[in-house]
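Bear in mind the structure is a predicted one, so any value in this text is a computation, not a measurement.
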Amino acid sequence: MSAEAHDHGHDHEHEHHHKETFITKYIFSTDHKMIAKQYLITGIFMGIIGVGMSMLFRMQLAWPEESFKIFNILLGDKWAPDGVMANDIYLSLVTIHGTIMVFFVLTAALSGTFSNLLIPLQIGARDMASGFMNMISYWLFFLSSIIMISSLFIESGPANSGWTIYPPLSALPQAISGSGLGMTLWLVSMAIFIASSLMGSLNYIVTVINLRTKGMTMTRLPLTIWAFFVTAIIGVVSFPVLLSAALLLIFDRSFGTSFFLSDIYIAGEVLHYQGGSPVLFEHLFWFLGHPEVYIVLLPALGITSEVIATNSRKPIFGYRAMIMSILAIAFLSTIVWGHHMFISGMNPFLGSVFTFTTLLIAIPSAVKAFNYITTLWKGNLQLNPAMLFSIGLVSTFITGGLTGIILGDSTLDINVHDTYFVVAHFHLVMGISALYGMFAGIYHWFPKMFGRMLNKNMGYVHFWVTAICAYGVFFPMHFIGLAGLPRRYYTNTNFPLFDDLQNVNVLITTFALVGGAFQLVFLYNFFSSIFYGKKAVQNPWRSNTLEWTTPVEHIHGNWPGEIPEVHRWPYDYSNPNHEEDFVLQTTPMKPGEEVLHH
């Protein structure tokens, strides 16, 4: 296509763009930038619900059997008579909190937002491979969110067999209050969510492989794109396994099969099920469940690579080693799921195999951590909120990862598996680390998404209070876990052994309530800056990657005229051959200039 024809085609596209109605532009949009915003704002609302639930059950743990008017207002007379929380609704809050945060916020909102926004912009593509499929994947995610929230209003209560929904609790509608319609809606919601996730992942993979601009070889891709690309591959490999588990569970619940049930008694009644195994469900669930940790974590690590390199004004240290570590983590994450099942009666030899593969994953994880620290070392650090959250991620990734070495060892894990030690570990390494990555991405790419800047001072307040409260919540949990405090109990008042730990629970809850309340600073900053924030310049962070070469005003097709050609890798910061301390990927090589080794 000649340049003239290309421009003419673009003009036609631009005219078409101006004729769009509100519905085609903001609701049923096929533009990847708009879909990224839809994922982000939906994810923020789901996050508000998920964090709100954690506030409620933390209050219950700190002050068990106390009367709180807010319990009665939010939960009603059935679940909080006289403001005292019922034990069944406590389990439901824990279940739905876990489900929302792991799947709807950290998986869909993080990957859905930043994969959609950055993949076409950073590889030099006009849009995703299939805009229509992209739109469908968002609307399936939205539908699954609505079904999950609607399960909160069921008379028998929402699902309450934990976010891992182990049978037989989840397989027998008569087992517990939340095993009825609430559990069915949970399964339907997750089946639709998985369909959404698979459509998105396939789109991301095809786009990265097929739509890179001229000169954009795989070793010139930003580490963000490598992370999103590999995350999508893990999702395609492991999510269908959870779908099969959910479908078999629906069969057990509704059609009388016995995939996960055998020799069950309820209230003295012998049920007809035989031949199944609840441990089979654990295998299917955790075959997704452990890769899921890295589906959540890898995009956050990719975002951190980009933010740390940009704000250190230095090339990322060990670019190829970082790619190899992403690939190694992806491979190893699919062969370690058994470490969640050390107390299920697993053969000790098999336990030692899973211990070995689990401890192996510490090597590529350590490569990433050391490479971040080395990139920061002697850099010209720009400590803006995105950079602070990225450094915070490196901190929680290391502290959470160290306790993973304890839990990955079958002999040690058996002692602390059902205690708060596990809660502390996975919240730090997966929950807080991924949230920090998400916040870093929002602060860094907000100007690209909305054409405005977030308020920096509010960003500093948000970071410091969040960082102090996150450690305030999860650091003490390691100690009450080592002291034997069991997780999932709605109160420990029946055990005099744990009376001395109650003060620690009050401390944890205080930090949780303060940290949760200060997320309102972020919400105010986010929503007010969309309309009233300072107008952004084209490249506010003086960054090298392609998305900062597009105009501030969003246009259909990303670039007016030709798509730029790429001549160098994305981390040419402080290059001695150039006057500026950043060199855009589109800058041609000077005569005699050597390609930087990476």
Any donor-acceptor N/O pair, [X] side chain to [Y] backbone, under 3.5 Å:
X	Y	result
Ser67	Asp82	yes
Ser170	Ile165	yes
Ser333	Ala330	yes
His417	Asp413	no
Thr107	Phe104	no
Lys78	Glu155	yes
Asp409	Thr411	yes
Lys368	Ser325	no
Thr510	Val506	yes
Asn116	Gly112	yes

Taking everything shown except [X] itself, do over 12 heavy atoms lie less than 6.0 Å from its [atom1]?
X	atom1	value
Phe45	CZ	no
Phe495	CZ	yes
Phe527	CZ	yes
Leu523	CG	yes
Tyr166	OH	yes
Phe370	CZ	no
Tyr471	OH	yes
Asp499	CG	yes

If we count only N and O atoms by modelled type, under 3.5 Å, do the side chains of [X] and [Y] hold a donor and an acceptor together?
X	Y	answer
Ser115	Tyr39	no
Ser395	Tyr436	no
Ser238	Glu292	no

Exercise for review: Please report the C-alpha distance between His478 and Phe474 in whole Å, then the side-chain angles of each, then the deciding distance to 0.1 Å, and finally whether the ring-ring contact (aromatic ring centres under 6.0 Å, His included) criterion is met.
Suggested key: CA-CA 7 Å; His478 292 94; Phe474 299 113; 8.7 Å; no

Can you tell me how far the [atom1] atom of [X] sits from the [atom2] atom of [Y], to the nearest 0.5 Å?
X	Y	atom1	atom2	value
Ser305	Tyr372	OG	OH	3.0 Å
Met46	Ile48	CE	CD1	11.0 Å
Leu297	Ser365	CG	OG	8.0 Å
Thr231	Tyr294	OG1	OH	12.0 Å
Trp286	Phe354	CH2	CZ	13.0 Å
Gln502	Thr493	CD	OG1	8.0 Å

Exercise for review: Decide side-chain contact (heavy atoms from CB on, under 4.5 Å) for Phe421 and Leu412; before the verdict, give the C-alpha distance in whole Å, the side-chain angles of both, and the deciding distance to 0.1 Å.
Suggested key: CA-CA 12 Å; Phe421 192 86; Leu412 298 173; over 6 Å; no

Are side-chain heavy atoms of [X] and [Y] found at a separation under 4.5 Å?
X	Y	value
Trp63	Thr509	yes
His339	Ser410	no
Leu261	Leu172	yes
Met190	Thr99	yes
Val504	Met477	no
Phe446	Met453	no
Leu110	Ile303	yes
Leu301	Phe397	yes

Check your understanding: Should the pair Tyr90 and Phe57 be assigned to parallel (<30°), tilted (30 to 60°) or perpendicular (>60°) ring geometry?
Key ->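 Tyr90 and Phe57: perpendicular rings.
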
Exercise for review: Mind telling me whether Tyr138 and Phe141 have parallel, tilted or perpendicular rings, with 30° and 60° as the class edges?
Suggested key: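 Ring orientation of Phe141 relative to Tyr138: perpendicular.
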
Practice item. Start with the C-alpha distance between His340 and Phe285, add both sets of side-chain angles, then the distance that settles ring-ring contact (aromatic ring centres under 6.0 Å, His included), and finish with yes or no. Key: CA-CA 10 Å; His340 296 268; Phe285 182 89; 8.5 Å; no

Point to revise | Minimum heavy-atom distance between Leu40 and Met438, given as atom pair plus value | key: CD1-CE, 4.0 Å

Review point. Hey, mind stepping through Met59 and Ile70 against side-chain contact (heavy atoms from CB on, under 4.5 Å) and telling me if it holds?
Key: CA-CA 11 Å; Met59 287 166 70; Ile70 191 159; 4.1 Å; yes

Check your understanding: ring-ring contact (aromatic ring centres under 6.0 Å, His included) between Phe389 and His444: does it pass, once the steps are laid out?
Key -> CA-CA 10 Å; Phe389 274 110; His444 190 72; over 10 Å; no

Check your understanding: Looking at the rings of Phe228 and Phe114, which for Trp means the six-membered one, are their centres under 6.0 Å apart?
Key -> no

